[in-house]
Amino acid sequence: MPLPSPLSTSPSPASQPASIRVAAKGANRRRAMTPSVSCPVKCRPHPCLAPQPPAPSPELLAARGAPIAGELRACRSPPYLPLSRSADSLELRAACRGAPPASRARAAVALGGDGPSAALIAGAQSRHAIFRDELVRRAFTAAEAAHRGQVRASGDPYLQHCVETAALLAELGAGPAVVAAGLLHDTVDDAGLGYGFISEHFGAGVADLVKGVSNLSHLSKLARRNDTASRIDEADRLRIVFLAMEDARAVLIKLADRLHNMRTLDSLSKTKQQSVAKETLEIFAPLANQLGILNWKEQLENLCFKYLYPENFDELSTKLIEIYNIDMIAAATRRLEQALQVRGLSYYAIYGRHKSMYSIYRKMARKKLVMDKIYDIHGVRVILENKADCFATLEIIHHLWPRIPGKFKDYINSPKPNRYQSLHTVVLTEQTLPLEIQIRTRDMHLQAEFGIAAHWRYKEGERSCCTSVSEIVEWVRWVTWHCQTLNTGYPSSLACDASSKETHTIPSHSDACLLSYSKQCDHKGPVLVILLENEKMSVQEIPQNWTILDLLKRSSNYGMPLRLRLNCHAVHNWNQELKMGDVLELIPSTPCKSRGHTRELHQKFDHRLAVSQS
């Protein structure tokens, strides 16, 4: 049954009875709160080996606005459920009534109450145990007090956005500090909390993460105002700056923030929807791909597809609703498992996936194909021990199903230029649907995920970037995969092998905290800095050891009366060397037409970067 178009029309609200208008308002609110829908294909592991987590299918229904049953149950309770009138509750209300957000948050943390949003924290705890952690509970209390009374454009309480952002991080396997920072990520910009308050009550680590998200949000707004997404090279440089200038965990929080914002984009104007979607498609979706969070990347792309190309989205999604067949993938996986066991072949993992809707659209447009000529909509991947087992498995697969001629590719004996190795074949299932099956060894798989054959490296081509950024990307991909594997409840036979770490260089991190990372100070490669000039932002690539004066000579304003600020501080030495991620602002000394706008921009810029200097 075709799903309704995002652009479909309905009778005007004024012409509808009051009861219908109330019901419609509730439906719109639930649609704005749409969570992700994940449809992993479950397979039975070999008794001696642990599987890799199944790759989730595309978020087709999530992009269409269909919440899953579990999420609906969590949303049925009213967003604000009064607590019992205990002494602490009454004291908390008295201390917070009429106070500014920072004062309310301070009182709430001091009293340790949950505030009037117990239903939200209870719902989060029912989904993720980490919300019972003491640090996370205190962060929720502070966020609730700071955002109390604030609502989003959808009409939902602002706190719900904070909780859903933190829940996305919990799904990823993040620890208490990252989840707490996810709850507090907007308190600096939208509730007036300071770095000192967050550091005092939650530690410098959480405060640094919140500060980092605030800085990234500011750069994102500048990029959107300057349409950076339309300049592909500059968008690529901005992603590198994101990774270089802040803790990589802050980038994860920002990605979670953007994903939930995209899920609730319906409440904004069409112009705003397309502006945010364009930036997300060119900056944040590729960033998620770089970091190996493919589920988020696919969701972001599909949601951007919905808002940027609504007619193509409607047409394609209607077709895919009829084609997508989860049961077929599950049946094929079981049949292959049984055949491998009969032959005595052990495997590390067998899992299935659907090709994402936006990927299908791009492939059809790029190769000028019709839907019937896309043979990798359904896929299964098999990971084995050695090369001989790969070819033995290929023989079994071709015995189980008829192969489609011309669709076999041997990348093991003839690797791709980026050293990618795997066997690809397409067979015809009992449902007369094509099924692509990839066969590779564990070492080939790790090389594809983390080594030079990694998809994000291949997409970047030969473009050079500082070595520390490559290390950060590699580290985040490793940790993300490791956490996702731990979430399955099985010991990992793919991610936790010491020999794998010897083959693939993973940056050192604290044994006490899986998600910690110490930045490397040496940058071998070009330096990228942000230049604010005439209220326009640009990402400049400069050689190492360049000074402020060297960059100014490249500017069109060179030779004019200017005041300079570097990372929100006045510049007194124009021979100061620039570092990766520096923000240099050129301020005309003479009044300009948009003086008020410039002053407002400076105040916002000062507010965010002053926090980072605290």
Side-chain angles (χ1 to χ4, degrees), residues 55-60 63 229-230 232-233 235-236 277-278 280-282 285-286 288-290 294-295 297-325 328-329 332 352-381 394 397 401-429 431-440 448 453-463:
S57 63
E59 310 303 330
L60 174 61
S230 64
I232 298 176
D233 289 342
D236 176 53
K278 184 177 181 181
T280 301
L281 188 62
E282 298 299 335
N289 182 54
Q290 276 186 299
L294 300 185
N295 186 15
K297 174 244 186 186
E298 290 184 355
Q299 291 184 59
L300 289 170
E301 287 182 341
N302 288 343
L303 288 165
C304 291
F305 183 28
K306 171 185 175 180
Y307 292 105
L308 291 175
Y309 311 102
E311 293 181 359
N312 299 107
F313 176 89
D314 284 339
E315 180 183 358
L316 185 58
S317 60
T318 301
K319 293 179 180 179
L320 290 179
I321 285 292
E322 301 172 356
I323 294 176
Y324 275 157
N325 192 325
M328 182 269 284
I329 294 181
R353 62 105 183 109
H354 284 127
K355 192 176 185 68
S356 78
M357 183 160 49
Y358 183 67
S359 295
I360 294 171
Y361 169 74
R362 288 190 62 191
K363 188 168 186 176
M364 291 173 64
R366 186 176 67 253
K367 297 189 175 183
K368 299 181 180 179
L369 299 173
V370 296
M371 178 75 72
D372 292 342
K373 297 299 181 181
I374 305 294
Y375 294 105
D376 58 347
I377 293 177
H378 303 88
V380 168
R381 180 173 291 161
L394 177 68
I397 290 170
W401 298 283
R403 55 187 293 186
I404 296 180
K407 294 299 175 182
F408 169 67
K409 296 176 182 177
D410 182 359
Y411 293 122
I412 291 182
N413 292 319
S414 300
K416 288 186 177 182
N418 65 336
R419 304 180 195 172
Y420 172 85
Q421 290 184 289
S422 184
L423 296 176
H424 292 191
T425 187
V426 180
V427 298
L428 199 63
T429 63
Q431 294 80 8
T432 66
L433 289 172
L435 174 68
E436 183 191 60
I437 302 179
Q438 298 178 359
I439 311 164
R440 60 180 65 159
H455 190 63
W456 71 272
R457 294 178 187 269
Y458 185 64
K459 285 292 183 182
E460 289 184 355
E462 298 300 322
R463 174 176 169 76

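None of the values given here were measured: they were computed from a predicted structure. The analysis underlying the following values was restricted to heavy atoms, covering all of them including side chains, and did not include hydrogens, waters or symmetry mates.
- Between D410 and L423 the shortest side-chain heavy-atom distance falls below 4.5 Å.
- Note that the CZ atom of F408 and the CD1 atom of I397 stand 10.0 Å from one another [nearest 0.5 Å].
- The CG atom of L320 lies 10.5 Å from the CD atom of E315; values are rounded to the nearest 0.5 Å.
- Closest of all the heavy-atom pairs between C304 and A277 is SG-O, 3.2 Å.
- Summarising the geometry of Y411 relative to H424, their closest heavy-atom pair is CE1-ND1, 3.9 Å, with the distance given to 0.1 Å.
- Every residue two or more places apart in sequence or in another chain that forms a side chain to side chain contact (heavy atoms under 4.5 Å, CB included) with L369 is listed here: K367, K373, I374.
- Nearest heavy atom pair, residue Y375 against residue P434, reads CD2-CB, 3.8 Å.
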Check the pair R440 / Q421 against side-chain contact (heavy atoms from CB on, under 4.5 Å), numbers first and verdict last. CA-CA 7 Å; R440 60 180 65 159; Q421 290 184 289; over 6 Å; no
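- A heavy-atom distance below 4.5 Å is not found between the side chains of I404 and V427.
- Listed by chain and residue number, F313, Y358, Y361 satisfy the ring-ring contact (aromatic ring centres under 6.0 Å, His included) test with F305 (two or more places apart in sequence, or in another chain).
- To the nearest 0.5 Å, atom CD of residue E311 and atom CG of residue D314 are 8.0 Å apart.
- For the pair V380/Q438, no side-chain contact is recorded, criterion being any heavy-atom separation below 4.5 Å from C-beta on.
- For N295 and Q299, the side-chain atoms include at least one donor-acceptor pair closer than 3.5 Å.
- A229 approaches A235 most closely through the heavy-atom pair CA-CB, 4.4 Å.
- Summarising the geometry, atom NZ belonging to K355 is positioned 12.5 Å from atom NE2 belonging to H378; distances are rounded to the nearest 0.5 Å.
- Between K319 atom NZ and I360 atom CD1 the span is 11.0 Å, to the nearest 0.5 Å.
- Interatomic distance, CD1 of I377 versus CZ of R353, reported as 9.5 Å (0.5 Å rounding).
- Between N289 and K297, the shortest heavy-atom distance links the atoms CB-CG, 3.9 Å.
- Taking both residues in full, the closest heavy atoms of I439 and S422 are given as O-OG, 3.1 Å, listed atom of the first, atom of the second, then distance.
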